[in-house]
Amino acid sequence: MAPPERGALSYRTSGPTKRDSESGSVSSDEQYDPRAVQDKWQARWAELEPFTAVETDDGRERRYALDMFPYPSGDLHMGHAEAFAIGDVPARFWLQQGHNVLHPIGWDSFGLPAENAAIKRDSHPAEWTYANIETQAASFRRYAPSFDWSRRLHTSDPEYYRWTQWLFLRFYERGLAYRKGGHVNWCPKDQTVLANEQVVGGHCERCGALVEKRVLTQWYFKITDYADRLLDDMAGLEGHWPERVLLMQRNWIGRSTGADVDFTIEGRDEPVTVYTTRPDTLYGATFMVVAADAPLADEICAPEQRAAFEAYRDEVSRESEIERLSTEREKTGVFLGRHAVNPVNGERIPVWASDYVLAEYGHGAIMAVPAHDQRDLDFALKFGLPVRVVVDTGRPDPAETGVATAGDGALVNSGPIDGLPKAGAIARITEILDERGTGRASVNYRLRDWLVSRQRFWGCPIPIVHCESCGEVPVPDDQLPVRLPEGLRGADLAPKGTSPLAAAADWVDVPCPKCGVAAKRDTDTMDTFVDSSWYYFRYCSPGYEGGPFDVEQVRRWMPVDQYTGGVEHAILHLLYSRFFTKVLYDMGMVDFTEPFKRLLNQGQVILNGAGMSKSTGNLVDLGEQIAEFGVDVVRLAMLFSGPPEDDIDWADVSPHGMQKFLARVHRIASEVTSPVGADPATGDATLRRATAHAVSEATTLVGSQRFNVAIARIMELVTATRKAIDSGAGPADPAVREAAEAIALLLSLFAPYTAEEAWEVLGRTAPVITAGWPSADPALLVEESVTCVVQVAGKVRDRLDVPPSVAADELERLALASPKVQEALGGAGIAKVIVRAPKIVNIVPQR
RNA sequence: GCGGGCGUGGCGAAAUGGCAUACGCGGCAGGUUUAGGUCCUGUUGGUGGCGACACCGUGGGGGUUCGAAUCCCCCCGCCCGCACCA
């Protein structure tokens, strides 16, 4: 439908209200239209700047409300609308509570889509990127989150990425950024490498292409050095971050404890070390398995098995990730023609190669204990290798059943550790290995170092120069930023497996900063997750030129009080940001180790039970919704539909209901006739209590992020106020003004335009956002009487109006005196009476 | 397979040991209106009854308790994460 012209619709401010005092009904031909007031308040906010955070101390407490900054992929969509509506609530709440609030906005503006668009349109990624940013910025202004626009940043600005490079160099100095060769994930579509975190189920997280393995030399951040701290510091986030995010990070880091055991290899000087979480089963090891793609397998393979091994290895290298990932696939492998010697019993065991052992984990080799590990058992049964039980779990023989026994029990066939339980045996055997120098306790992680280099153009250049005589040479700080080369555009950026930057000869060729001879720049750019790992620090002092951030400002604002964003970043962005924060702590630049105190993951906006997508046409357009209903309605519908963490199916959302509610709010404001400042103490006591309750509960509910229930409380207050106007105290009662003002103040968090308008209609001048947060008079929260429920055998039989302070024995007497209770008892004796004054009495009859 | 979460009216959801279904949508009835829409009022878990009421009811079964949507055990269903990590 075509939206009415903006501003053409009138809304009632004081016009004639036909009121039928007999029925209490009111009719109206005109209805308040939230769209009509949007431009007016946008202009007022732009002029008054109520959302600008104050850098210097002004006595107010500081709060930092952060939303995950957007990628400028196009205009804002329903997902943004939900996330930013949710993130705006605490920011406005704190502001109205009188705090100095930092609520910034910026753009994560490096990344592949811009580059792909540039290739397609024969243009430069910056054109597409910055045009989209302007589109989103304009939409944001209308959508009206309480942003401090003065702190706006873009990660693709040289003023920003200068400091991304600076941080890279600090990491480099600390040995936390390094280059190494090895197997890497390669996306054949995007023509670039990917971090482990960006591979989901064997596919590229971004484009969905099947990821391949390649052997390449790449830049890494040594996040594994921080594995323990990343894991252990999560204890402090417990209860403040969603449990599932913590769980996902724990699983991702995947710490396991066990032991390294050295096996000698016949005909090899050096022993081979294996990692096991079950050193207690060492006597049950009947063979060893080496990862087929590990150099070790190639090295120790005996000549007579070489042909078989190489054939197998080629087969493995051809097989795709899909095959590797299929669950019920048969074990494969090949004997390497060698034997290893078990360090505790001197037993000779054959060494095999297989793809079920991963080259990158542990030492790329394992001791196989088929009786107590299902994978090893599958392998043993397939190739006829022996199975020896060493833990008596009381379960049937795995060799017979094909089911490995992983449980606890007494050790058997295990020499010095016979009879010990699992835990005791692990401790003892580790000691024995230690004494003999053939093993030691060990910890392993699933987490790998973070691969940060990318063979694409639109990212932050890696500030390193490669010199034939000096090797890797960091670009000196005073030569930062290393800007992206000019002149590359369109087809120049097409992916070709090496970085497009390499084609910019005049950019690549530079003198070595150290020795001055001809050298070449590193042509890779950084993963965009590097850019987003520190942007929230930059917000604290966005124009700062002495470093990535002003240490003093960060000390003032951080850590972030609430971070709002999607759960899709549960591992990637949030793990990297936690890592960066810990490194900055070690550098002495910040005095905290966790960046985000509280995390809220909003749900997704879906339609008809399925995710929205352009290709299927299952789409709701934010712009159309706003044109039809207005910003306030969209925001309120998002927030009212359910808990913020839950998905919203737009098919279940009722914008019309929200529209009706906002019109009711506006009309109440317009009907108030008492003057500003009228003393509410003289007003209707019932309505005053309703107001006090709504204020008190809404405050608690907003604080615990239960926005949908908070809105329900405001709705109840609106209904109570309507009743008071129509059939109670009347529009001139000061309690009605008090209620109407409270409604405007509370509603400001959820429907800011209507709240401002109502506030003005009530004769108030300051913007409502600066008018404070209402407080409830405790005296009004105490009820004059409460309803006590009287149960007989757990069923409600009567209700009594009693004072809240009623004594237990008095209440019991009243309850027993009730005719309804006596009737329900039917003459039966009383076994017991439970009294919870003043709410409930439960009488248990004898039976 | 392993781990975690969830299951409440026609629908989105409230209630975290004490009146189940707040609030909203949708429905129904009435009022206002030339009419429609808007707006206002009432009503709306099921079964039975003219009715006051009665009984049943939070996925299913069992348990703890004076009292369970809420806590415990088993089962069913759905969602999410991980998935050869030795």
Side-chain angles (χ1 to χ4, degrees), chain A residues 18-20 22-31 200-201 242-248 250-252 254-256 258 274-278 281 289 291 324-329 331 354-358 360-369 372-376 378-379 444-448 567 570-571 636-637 640-643 645-649 651-661 663-664 667 706 708-716 718-719 722-723 726-727 787-796 798-799 831-836 839-845:
Chain A
K18 196 161 110 195
R19 182 176 299 119
D20 182 344
E22 297 280 306
S23 67
S25 70
V26 174
S27 70
S28 163
D29 290 321
E30 298 174 82
Q31 202 202 342
V200 178
E243 194 49 48
R244 63 171 168 163
V245 173
L246 298 176
L247 191 74
M248 282 164 74
R250 277 194 194 99
N251 291 341
W252 188 260
R255 179 162 67 191
S256 82
V274 301
Y275 172 71
T276 178
T277 55
R278 293 293 305 275
T281 62
V289 187
R324 272 192 73 92
L325 287 165
S326 72
T327 24
E328 291 301 311
R329 89 187 247 279
K331 291 279 182 285
S354 175
D355 66 348
Y356 87 90
V357 172
L358 306 177
E360 305 90 40
Y361 186 78
H363 305 282
I366 61 153
M367 66 177 211
V369 184
H372 307 298
D373 183 289
Q374 191 60 47
R375 296 155 303 184
D376 297 344
D378 294 342
F379 193 86
N444 258 277
Y445 303 88
R446 216 186 76 119
L447 182 72
R448 305 291 148 75
V567 74
I571 297 175
L636 201 60
F640 182 63
S641 76
E645 306 81 12
D646 288 7
D647 288 351
I648 297 173
D649 194 330
D652 297 329
V653 163
S654 48
H656 284 109
M658 300 302 103
Q659 205 169 37
K660 206 158 83 178
F661 167 67
R664 280 158 62 93
R667 219 179 89 215
R706 292 155 70 223
N708 56 327
V709 189
I711 293 166
R713 295 292 172 268
I714 302 174
M715 287 173 168
E716 285 168 343
V718 166
T719 302
R722 181 80 257 151
K723 275 210 166 74
D726 288 344
S727 51
T787 303
C788 175
V789 174
V790 184
Q791 299 177 333
V792 175
K795 285 185 194 298
V796 180
D798 200 5
R799 293 177 170 83
K832 196 173 178 184
V833 180
I834 292 101
V835 182
R836 292 286 177 273
K839 293 193 70 176
I840 198 158
V841 176
N842 190 12
I843 298 159
V844 187

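Because the structure is predicted, anything quoted here is derived from the model rather than measured.
- In this structure, the separation between CG on A:L636 and CE on A:M715 is 5.5 Å, given to the nearest 0.5 Å.
- Distance from the side chain of A:K331 is smallest for B:C84 among the nucleotides B:C66, B:G3, B:C84.
- For A:R446 and B:A83, the shortest distance from a side-chain N or O to OP1 or OP2 is below 4.0 Å.
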Where protein sits on nucleotides 21-28 of chain B, one letter per nucleotide: B base, S sugar-phosphate only, - none, heavy atoms under 4.0 Å = -BBSS---

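- If you check distances only, the side chain of A:R799 does reach the base of B:C19 with a donor-acceptor pair under 3.5 Å.
- Minimum atom distance to the side chain of A:P643 is reached by B:A14, of the listed B:A14, B:U41, B:C66.
- Across all strands shown, A:N842 has heavy atoms under 4.0 Å from base atoms, whether or not it also approaches the sugar-phosphate.
- B:U16 is unpaired under the criterion used here, namely a Watson-Crick or G-U wobble arrangement in which both key atom distances are under 3.5 Å.
- When both pairing distances are held under 3.5 Å, B:U58 makes no Watson-Crick or G-U pair with any nucleotide shown.
- Under the Watson-Crick or G-U wobble criterion, with both distances below 3.5 Å, B:G9 is left unpaired in every strand shown.
- Glycosidic conformation of B:G9 is syn; the angle stays within 90° of 0.
- Closest approach to the A:V796 side chain among B:C19, B:A13, B:A86 is made by B:C19 (side chain taken as heavy atoms from C-beta onward).
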Verdict with reasoning, A:C788 to A:V841, per side chain to side chain contact (heavy atoms under 4.5 Å, CB included) | CA-CA 7 Å; A:C788 175; A:V841 176; 3.9 Å; yes

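- Closest to the side chain of A:V789, out of B:C80, B:C40, B:C19, is B:C19.
- As judged by a 4.0 angstrom heavy-atom cut-off over every strand, A:R250 is placed among residues making no nucleic acid contact.
- Distances were taken from every side-chain heavy atom of A:D646 (C-beta onward) to each of B:G42, B:C84, B:A13; the shortest belongs to B:A13.
- Between A:T787 and B:C19 there is no side-chain N or O to OP1 or OP2 distance below 4.0 Å.
- As judged by a 4.0 angstrom heavy-atom cut-off over every strand, A:Q374 is placed among residues making no nucleic acid contact.
- Summarising the base pairing, B:G30 is matched to B:C40 through a Watson-Crick or G-U wobble pair whose two defining distances lie under 3.5 Å.
- Counting non-hydrogen atoms of other residues, nucleotides and ligands closer than 6.0 Å to CZ of A:R448 gives a total above 12.
- Residue A:N251 contributes atom CG, which lies 9 Å from atom P of B:A83 at whole-angstrom precision.
- Note on A:K832: every side-chain N or O is 4.0 Å or more away from OP1 and OP2 of B:U65.
- Across all strands shown, B:C82 forms a Watson-Crick or G-U wobble pair, both distances under 3.5 Å, with B:G1.
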Criterion side chain to side chain contact (heavy atoms under 4.5 Å, CB included) on A:I834 and A:Q791, from CA distance to verdict | CA-CA 10 Å; A:I834 292 101; A:Q791 299 177 333; over 6 Å; no

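- Residue A:Y356 places no side-chain N or O under 4.0 Å from the OP1 or OP2 atom of B:A86.
- At least one side-chain heavy atom of A:R667 sits under 4.5 Å from a side-chain heavy atom of A:R722.
- For the residue pair A:A637 and A:V653, the shortest heavy atom distance occurs at CB-CG1, 3.5 Å.
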Step-by-step side chain to side chain contact (heavy atoms under 4.5 Å, CB included) determination, A:D376 to A:I366 = CA-CA 10 Å; A:D376 297 344; A:I366 61 153; 3.5 Å; yes

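- The pairing partner recorded for B:C71 is B:G63, the criterion being a Watson-Crick or G-U wobble arrangement whose two distances lie under 3.5 angstrom.
- Annotation: cation-pi pair A:K331/A:F379 absent, no NZ/CZ under 6.0 Å from the ring centroid and within 45° of its normal.
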